[in-house]
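Since the structure comes first, as structure tokens, the remarks are kept for the end.
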Amino acid sequence: MGRRPKAPEPKKKKRKKVKNIISSPKGMADILPVDDFYRRKIIKVVENLADSFDFKKIELPIAEETEIFEHGTGQTTEIVQKQMFNFKTPGRDNLTLRPEFTPGLIRSYIQNGMSNKPKPVKLFTYGPLFRYESPQRGRFRQFWQCDFEIIGEKDPIYDALIIKISMALFNDLKIRDLVAKVNTLGCDNCRNGWKKKLKTFYSGKQKKLCSDCQRRYKDNILRILDCKKEGCREISENAPKMIDNLCSICRKHFMAVLEFLEELNIPFEIDNHLVRGLDYYTRTVFEITKKDDDLAMCGGGRYDYLVEILGGQPTPAVGVGIGIERIVGIMKSQGIGKPVKENKAFLVLLGDLAKRKGIGLLGEFRKNGIHIAEAFGKDSLRAQLKVADNMGIDNVVILGQKEANEGTVILRNMKSGAQETVAIDKMIRELKKRLMK
């Protein structure tokens, strides 16, 4: 009987290729497996903290009506004026990729009748946010945050509790040498007087301010205080302080927050230039940084008017946003929580029968908590063992045609080269012994 002629190879279709290498959009980085390890670690701590302090998870849309941020975050803020990703839907709706969580979370609080729930309402969430910023250290156009919010209580103990939760997150991740920078912005009653004093103070110094602060003088004078440019900082050193202009109620509130922080042994310092730059903040504002670094890992404060601004009943609230990329950067730079080499085994399958029978073994490994790597697409024993060696895996399980017929596997040690044949029903027990060593 003649040999069957070999079928001709199909002609390869020419495909049009992009001329330049495609890269991710500016300021929007891929989350690679090595970074995902840290992120999952952070999220696990966040969820454990939420359970401990009785916060409930809420998931929010990635886009909201643009008006939510214009009214909530504030028309005069950098976020609304310069940094929002706005778009119009085919139905002519004006939407914005969320640049922060708080306005959308409060929208959900109002829309879903959470005001009828027992107070305080404690909510947490995490996910990506979007701001059109100039990418630099700790600043991206797509970035992740986790948020803790306490709604419905004005007692200063909750300001301290939010700071305590933030500190607990960093402590659980083994990040040390932290300081909470705190300030007060007062209420509408006392803040308006402070703003007038700032207007008077800066009025003869406008030309010495940077171009951004010259605009802020007209639109949002508080933002001049936290400008990082040296010339503006020098001028602001002698600017009137909010702490000297507080009404009696706001002074009492701030003093109580500081006393709670002392009681909690939380290291803090008063930063008279800290304003946080969002229009909804009232009274306490804070950031947490490392003592040797000005980059804020989290920031937040009290926002007692926001629920009312967005259409709800007057409701006090306080919260914090915690930057996940910034935490990952610190953990990596300081060697905190580095990925530990997993105690894996490697499964080699040789031939069609071994593949059919061996694919079911994956479920057994998973049930018994054994991490299994493989290279099933490679046909030869040598090629698959080479992959195991490149991955640094010592323990290999080999199933070939002979073993598949006999109901056995070969357990091989890549370091010593020693191997033995064991029955499939004893494989898990024997492999666990080797992995424990």
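Being a predicted model, the structure only gives us computed values, none of them experimental. Quick note: residue numbers are just sequence positions, from 1.
With sequence neighbours excluded, the residues forming a ring-ring contact (aromatic ring centres under 6.0 Å, His included) with F55 are F148, listed by chain and number. F87 pairs by the ring-ring contact (aromatic ring centres under 6.0 Å, His included) definition with nothing, not counting sequence neighbours. Evaluation of the side chain to side chain contact (heavy atoms under 4.5 Å, CB included) rule for N189 yields C187 as partners, not counting sequence neighbours. Every side-chain hydrogen bond (donor to acceptor under 3.5 Å, both in side chains) that Y126 has, sequence neighbours left out, goes to E47. Remark: E237 pairs with no residue by the side-chain hydrogen bond (donor to acceptor under 3.5 Å, both in side chains) rule, at least two apart or across chains. By the ring-ring contact (aromatic ring centres under 6.0 Å, His included) test, F101 pairs with no residue at all, sequence neighbours left out. Checked against side-chain hydrogen bond (donor to acceptor under 3.5 Å, both in side chains), Q334 has no partners two or more places apart in sequence or in another chain. Qualifying side-chain hydrogen bond (donor to acceptor under 3.5 Å, both in side chains) partners for D36, counting only residues two or more places apart in sequence or in other chains: R40. Listed by chain and residue number, nothing satisfies the ring-ring contact (aromatic ring centres under 6.0 Å, His included) test with Y281 (two or more places apart in sequence, or in another chain).
Looking at W194 and L246, their side chains never come closer than 4.5 Å, going by heavy atoms from C-beta outward. Between C298 and F286 the shortest side-chain heavy-atom distance falls below 4.5 Å. Two residues are said to be in side-chain contact when any heavy atoms from C-beta on lie closer than 4.5 Å; N368 and E364 meet this criterion. Contact check for I327 versus Y38: no side-chain heavy atoms found under the 4.5 Å cut-off. In this structure, L278 and T102 have side chains that are not in contact, with every pair of non-hydrogen atoms separated by 4.5 Å or more. Side-chain contact check for V46 versus I42: some heavy-atom pair is nearer than 4.5 Å.
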**Message:** Between T76 and D279, is the side-chain hydrogen bond (donor to acceptor under 3.5 Å, both in side chains) condition met? List the steps.
**Reply:** CA-CA 8 Å; T76 62; D279 284 0; 3.1 Å; yes

**Message:** With side-chain hydrogen bond (donor to acceptor under 3.5 Å, both in side chains) as the criterion, how do Q145 and R326 come out once you've worked through the C-alpha distance, each side chain's angles and the decisive distance to 0.1 Å?
**Reply:** CA-CA 10 Å; Q145 273 191 2; R326 295 185 180 188; over 6 Å; no

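Residue pairs meeting the side chain to side chain donor-acceptor pair (under 3.5 Å) criterion with at least one partner in residues 252-264, sequence neighbours excluded, are D159-H253. Each ring pair (Phe, Tyr, Trp, His ring centres under 6.0 Å) pair with one or both residues in residues 202-221, not counting sequence neighbours, would appear here, but there are none.
Residue R176 places its CZ atom among more than 12 non-hydrogen atoms of other residues, nucleotides or ligands, all under 6.0 Å distant. For I270, the CD1 atom counts as densely surrounded, since its 6.0 Å shell holds more than 12 non-hydrogen atoms of other residues, nucleotides or ligands. No more than 12 heavy atoms of other residues, nucleotides or ligands sit less than 6.0 Å from atom NZ of K415. Counting non-hydrogen atoms of other residues, nucleotides and ligands closer than 6.0 Å to NZ of K290 gives a total above 12.
Here the OH-OG1 distance, from Y158 to T284, works out to 14.5 Å after rounding to the nearest 0.5 Å. Note that the CG atom of L306 and the OG1 atom of T315 stand 10.0 Å from one another [nearest 0.5 Å]. Distance check, rounded to the nearest 0.5 Å: NZ of K241 to CG of D271 gives 11.0 Å. To the nearest 0.5 angstrom, T125 atom OG1 is 5.0 Å from E59 atom CD.
Nearest heavy atoms, M427 versus V422: CA-CG2, 4.2 Å.
In this structure, Y132 has its ring center under 6.0 Å from that of F85.
Put simply, the side chain of D389 never gets that close to the backbone of L385: no donor and acceptor are under 3.5 Å apart.
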Validation: residues 104-120 side-chain donor-acceptor distances under 3.5 Å, sequence neighbours left out:
from, atom 1, to, atom 2, distance (Å)
R107, NE, E64, OE1, 3.1
R107, NH1, Q111, OE1, 2.9
R107, NH2, E64, OE1, 3.4
R107, NH2, E64, OE2, 2.7
S108, OG, N112, ND2, 3.0
N112, ND2, S108, O, 3.0
K119, NZ, S115, O, 2.4
K119, NZ, K117, O, 3.0

